**Student:** 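I'd like to ask some things about the structure below.
Below, read A as the first sequence line, B as the second, and so on, with proteins coming before strands; counting in each chain starts at 1. Everything quoted here is computed from the prediction, not taken from an experiment.
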Number of protein chains: 2
Amino acid sequence: MPTKKYHHGDLKNALIQAGVKILSKDGVGGLSLRKVAKEAGVSHAAPYAHFADKQALIAAISTEGHKKIYEKISRAMEKHPADPLRQFVETAWAYVEFGLEEPDHFRITFSGAVEQERDYPALVEMTRKNFGLVRQLVARCQEAGILEPGEADLVAVGVWGLVHGFVSLIQQGQVSHSVLDHYTRREMLIFILNQITRVRMDPREFANL
Amino acid sequence: MPTKKYHHGDLKNALIQAGVKILSKDGVGGLSLRKVAKEAGVSHAAPYAHFADKQALIAAISTEGHKKIYEKISRAMEKHPADPLRQFVETAWAYVEFGLEEPDHFRITFSGAVEQERDYPALVEMTRKNFGLVRQLVARCQEAGILEPGEADLVAVGVWGLVHGFVSLIQQGQVSHSVLDHYTRREMLIFILNQITRVRMDPREFANL
DNA sequence: GTATTATCTTGACGGTGTCAAGATTTGACC
DNA sequence: GGTCAAATCTTGACACCGTCAAGATAATAC
């Protein structure tokens with residue numbers, strides 16, 4: 001963390017947090033640089049001392065999103081250090097939770113609002129870190145016979161896509177009522193995870209672990 | 001129709017097409033109502049005769065995206081009417097192709113830029129139609145023993161998410177070079193599809209069908 | 001042929017991203 | 001401690017944006 005400085009102190013982080021707050025209040029469409037500045041108590045052009053443009057702020061907010069995901073899923077993985085299957089389920093569920101608790105932060109993090117991701121090394125590094133965690137979990141599950149063997153990179157892409165697609169469809173309300181009435185979200189997740197695992201979990205049983 | 005008249009004739013569709021063109025030229029961030037109007041050769045407020053606001057135009061552009069996907073995947077399914085496995089592969093590949101050929105149209109279609117989807121019945125209907133097609137294909141594959149049995153709705157969510165996640169990660173350039181150098185995109189797709197199918201396809205073989 | 005309606009233009013408003021110029025504070029160096 | 005350059009923030013301006021109101025024009029219904 002940058003040490004306490006002059007006028008504001010730690011405006012850069014304050015702007016990111018203000019952005020997260022506005023996202024949860026006004027949604028992705030309501031996020032503007034001027035509103036973020038006002039929320040942080042500075043003038044409308046102050047952010048330009050810390051961010052080159054709006055894209056750069058969004059990139060920082062996305063990085064913050066990936067950080068939260070990293071914390072959530074690494075905590076989830078620590079819950080059952082010796083049980084890859086439960087690690088798998090808990091990690092996936094942690095990801096889903098973030099998507100449901102902070103939908104707009106989740107959305108802006110993955111919506112491709114950052115057009116040239118490679119211009120933001122911190123963001124690239126953070127996504128790499130998250131992907132590495134998933135890849136590592138996938139490899140462990142493959143060793144344990146829970147997932148099919150094969151190139152762990154690609155299997156990880158598949159797993160991530162599966163869970164991410166699930167969150168997206170829930171967010172957009174595209175899951176039919178006939179399904180929603182019969183299963184909890186967690187049961188639905190386990191149902192979907194069953195598609196790619198070699199073991200078969202009973203949704204009702206695993207939802208309560 | 002061609003020459004300039006006070007009344008355009010078919011401005012509504014012209015605006016949608018202008019929007020698609022601008023998307024491919026300037027990306028999602030460069031899409032504005034005024035630019036779309038100019039591209040279509042009308043004044044800056046003319047779109048308001050056909051769209052309530054920018055959201056409504058984006059919803060129409062998203063609907064157009066779903067239409068293109070519908071055409072592509074239904075054509076793909078017709079290629080091998082009696083072979084569910086090939087139908088499955090070709091349909092997924094058609095989806096990937098659209099994402100790679102028109103990345104920004106693909107992105108705006110699924111980025112949640114339309115905040116309240118339910119306000120746009122045509123869009124809801126079109127997504128429902130596409131999902132129905134996938135669901136139908138999934139059911140057929142389940143009957144043929146290619147996919148695990150179970151609630152077809154949820155299996156379809158999984159399949160869609162898997163393929164969609166694959167496109168997203170490719171678009172963002174997050175697939176490692178070590179993988180990109182060894183496999184074509186189509187081989188990578190088949191690799192991923194193997195994760196959820198009960199049959200095992202050889203990527204090298206199936207990539208050339 | 002006239003009246004009504006749909007379509008399009010013009011002009012205006014507040015909000016937005018961004019830059020330039022200037023004010024203020026900090027930290028480093030003597 | 002005093003001086004100065006760099007970092008930080010404010011103010012003001014500009015072009016662009018989404019949106020609305022008022023009016024002009026064309027198509028259509030009668």
**Student:** With the side chain of A/Ser43 defined as its heavy atoms from C-beta on, choose the nearest nucleotide among C/dC8, D/dT10, C/dT9.
**Tutor:**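 Of the options given, the side chain of A/Ser43 lies nearest D/dT10.
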
**Student:** Classify the angle between the aromatic ring planes of A/Phe110 and A/Trp160 as parallel (below 30°), tilted (30 to 60°) or perpendicular (above 60°).
**Tutor:**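 The rings of A/Phe110 and A/Trp160 stand perpendicular, inter-plane angle above 60°.
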
**Student:** May I have the distance from B/Leu31 (atom CG) to C/dT16 (atom P), rounded to whole angstrom?
**Tutor:**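 Taking CG of B/Leu31 and P of C/dT16, I get 19 Å after rounding.
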
**Student:** Counting heavy atoms from C-beta on, name the nucleotide in D/dC9, C/dA20, C/dT9 closest to the side chain of A/Ala45.
**Tutor:**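 Of the candidates, C/dA20 comes closest.
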
**Student:** Quickly work out the B/Ile58 CD1 to D/dC17 P distance and round it to whole Å.
**Tutor:**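 Atom-to-atom, B/Ile58 to D/dC17, this comes out as 14 Å.
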
**Student:** Output the rounded distance in Å from CG (A/Leu15) to P (C/dG17).
**Tutor:**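 To the nearest whole Å, that distance equals 13 Å.
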
**Student:** For B/Tyr48 and C/dC8, what is the distance between atoms OH and C1' respectively, to the nearest whole Å?
**Tutor:**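 Rounded to whole Å, this separation is 14 Å.
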
**Student:** Starting from P on D/dC17, measure out to NZ on B/Lys54 and report it in whole angstrom.
**Tutor:**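 So the NZ-P distance, B/Lys54 to D/dC17, works out to 9 Å.
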
**Student:** Assess whether one donor atom and one acceptor atom, taken from the side chain of A/Arg34 and the base of C/dG17, lie less than 3.5 Å apart.
**Tutor:**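 Looking at the base of C/dG17, it does pair with a donor or acceptor on the side chain of A/Arg34 (distance under 3.5 Å).
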
**Student:** Would you kindly give the CG-to-P distance between A/Leu11 and D/dA7, to the nearest whole Å?
**Tutor:**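 So the two atoms are 16 Å apart, to the nearest Å.
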
**Student:** Take atom NZ in B/Lys25; do more than 12 heavy atoms of anything else shown fall under 6.0 Å from it?
**Tutor:**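 For B/Lys25, atom NZ is crowded (more than 12 foreign heavy atoms under 6.0 Å).
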
**Student:** Given D/dC17, is OP1 or OP2 found less than 4.0 Å from the side-chain N or O atoms of B/Ser32?
**Tutor:**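 Affirmative; the distance criterion is met.
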
**Student:** Both A/Asp53 and B/Ala49 contact DNA chain C. Which one's nearest nucleotide lies toward the 5' end?
**Tutor:**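 Its nearest nucleotide being more 5', the pick is B/Ala49.
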
**Student:** Tell me whether the count of non-hydrogen atoms from other residues, nucleotides or ligands lying under 6.0 Å of NZ in B/Lys35 goes above 12.
**Tutor:**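 Result for NZ/B/Lys35: enclosed.
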
**Student:** Give the rounded distance in Å between these two atoms: CZ of B/Phe51 and C1' of C/dA6.
**Tutor:**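 Value for this atom pair: 15 Å.
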
**Student:** When the distance from CG of B/Leu33 to C1' of C/dT16 is rounded to whole Å, what number comes out?
**Tutor:**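 In whole Å, C/dT16 C1' lies 15 Å from B/Leu33 CG.
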
**Student:** Classify the nucleic acid contact of A/His44 as base, sugar-phosphate or nothing, counting any heavy atom under 4.0 Å across all strands shown.
**Tutor:**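 A/His44: base contact, heavy atoms under 4.0 Å.
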
**Student:** Take a 6.0 Å sphere around CZ of B/Arg185 and say whether it holds more than 12 heavy atoms from other residues, nucleotides or ligands.
**Tutor:**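 Counting neighbours around CZ of B/Arg185, 12 or fewer heavy atoms of other residues, nucleotides or ligands fall under 6.0 Å, so no.
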
**Student:** Given the rule in the side chain to side chain contact (heavy atoms under 4.5 Å, CB included) test, do B/Lys72 and B/Tyr95 qualify, once you have shown the distances and angles that lead to the verdict?
**Tutor:** CA-CA 7 Å; B/Lys72 267 186 99 80; B/Tyr95 189 86; over 6 Å; no

